[in-house]
Asks: 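Mind having a look at this structure? Questions to follow.
Because the structure is a prediction, the values reported are computed rather than measured.
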Amino acid sequence: MLHLAPLRRPANNGTGRNGSLTPIDPTTGKPGKQVPVDDPYNMYFMPDGSAAIIVDEALRQLDLRDPQTMALKSIIPTPTCPGINHADFAADNSYAIFTCEYGDGGLAKIDLKNQKVLGHLDLSKMGMPQDIRLSPDGKVFYVADMMNDGVFLIDGNSFKEIGFIPTGIGAHGFVVSRDGKRLYVSNRGSHKMEQGRAGGPGSVTVIDFATRSVVAQWPIPDGGSPDMGNVSADGKQLWLSGRFDSEVYMIDTTSGTVTKIRVGVEPHGLTVWPQPGRYSQGHTGNMR
């Protein structure tokens, strides 16, 4: 995934202990010296800025590193969370919930202050949880599940499943609208993690946070595979990578009209910068 922001560090996913982070100066577009780290599938930041959280997928752990030097500070083992993946933080920043992509699927709740696992939640349908996002009112976590083609609703405080919203084949990524009223769900059009076919039945589902219901469905014309992305600062454009189609999609958030842009092979995430917000949570330019 490519994340560009002030001295951002794209995560170069390894295969165990051969991963790295690459600092990039956004004013020049030039990369700096790579920093070796273990298997950085994703990267987030502690809400107080005290550490970068390297999501060490292969080793089932979270590595907390100095956000400037990337020196290792501590490790949070997550042995019950195979394929630990995406995350979002509680409204009071006391805990985070991470998705567990492999095995039977599920979620891990992490105490950020004491740096320990608080619990594991098995979802009602065995699947493959992907992205996770907290609702703007701070009450519900939305979890995309690529095998169940929809979104689970989770009460974070009680750590219980409270609902499910069908969206589309291969529900994968989330982007919140600029006004905080809607959630854009990218449905990748495939249940495969890698080497999915091009031109699949990809789409974007629009969910209204207030009613927790689907209000629009935007298919990708002639097929596609929308993945991760972000919205423009004015909220008028939704940008998503097209994982299996060597494309990037720009979607008009009023009409749902899709513009396709050819890029390199298997683009897996993008962000739009700058973004409004007080601080970065990491991942694809998530701000709060």
Asks: Under the salt bridge (charged side-chain N to carboxylate O under 4.0 Å, His left out) rule, what pairs show up with a residue in residues 193-217, not counting sequence neighbours?
Replies: none
Asks: Establish whether F164 and L134 are linked, either directly or via other cluster members, by ILVMFWY side-chain heavy-atom contacts under 4.5 Å.
Replies: yes
Asks: From the options F98, Y41, F89, Y44, select the one residue that forms a ring pair (Phe, Tyr, Trp, His ring centres under 6.0 Å) with H283.
Replies: Y44
Asks: Is it true that atom CG of D179 has more than 12 heavy atoms of other residues, nucleotides or ligands lying nearer than 6.0 Å?
Replies: yes
Asks: Before we go on, tell me: are the rings of F141 and F152 under 6.0 Å apart, centre to centre?
Replies: no
Asks: Taking NZ, NE, NH1 and NH2 as the nitrogens, is one of them in R188 or D227 under 4.0 Å from a carboxylate oxygen of the other?
Replies: yes
Asks: Does anything in residues 103-138 form a disulfide bond (SG atoms under 2.5 Å apart)? List the pairs, not counting sequence neighbours.
Replies: none
Asks: Assign the ring pair F209 / Y142 to parallel, tilted or perpendicular, where the plane angle (0 to 90°) is split at 30° and 60°.
Replies: perpendicular
Asks: Give me each pair satisfying disulfide bond (SG atoms under 2.5 Å apart) with a member in residues 100-160, each pair once, sequence neighbours excluded.
Replies: C81-C100
Asks: Show every salt bridge (charged side-chain N to carboxylate O under 4.0 Å, His left out) that has at least one partner inside residues 270-288, sequence neighbours left out.
Replies: D88-R288
Asks: Which pairs, with at least one residue in residues 126-142 and sequence neighbours excluded, count as a salt bridge (charged side-chain N to carboxylate O under 4.0 Å, His left out)?
Replies: D131-R133
Asks: Which residue pairs pass the disulfide bond (SG atoms under 2.5 Å apart) test when at least one of the two sits in residues 215-288, sequence neighbours left out?
Replies: none
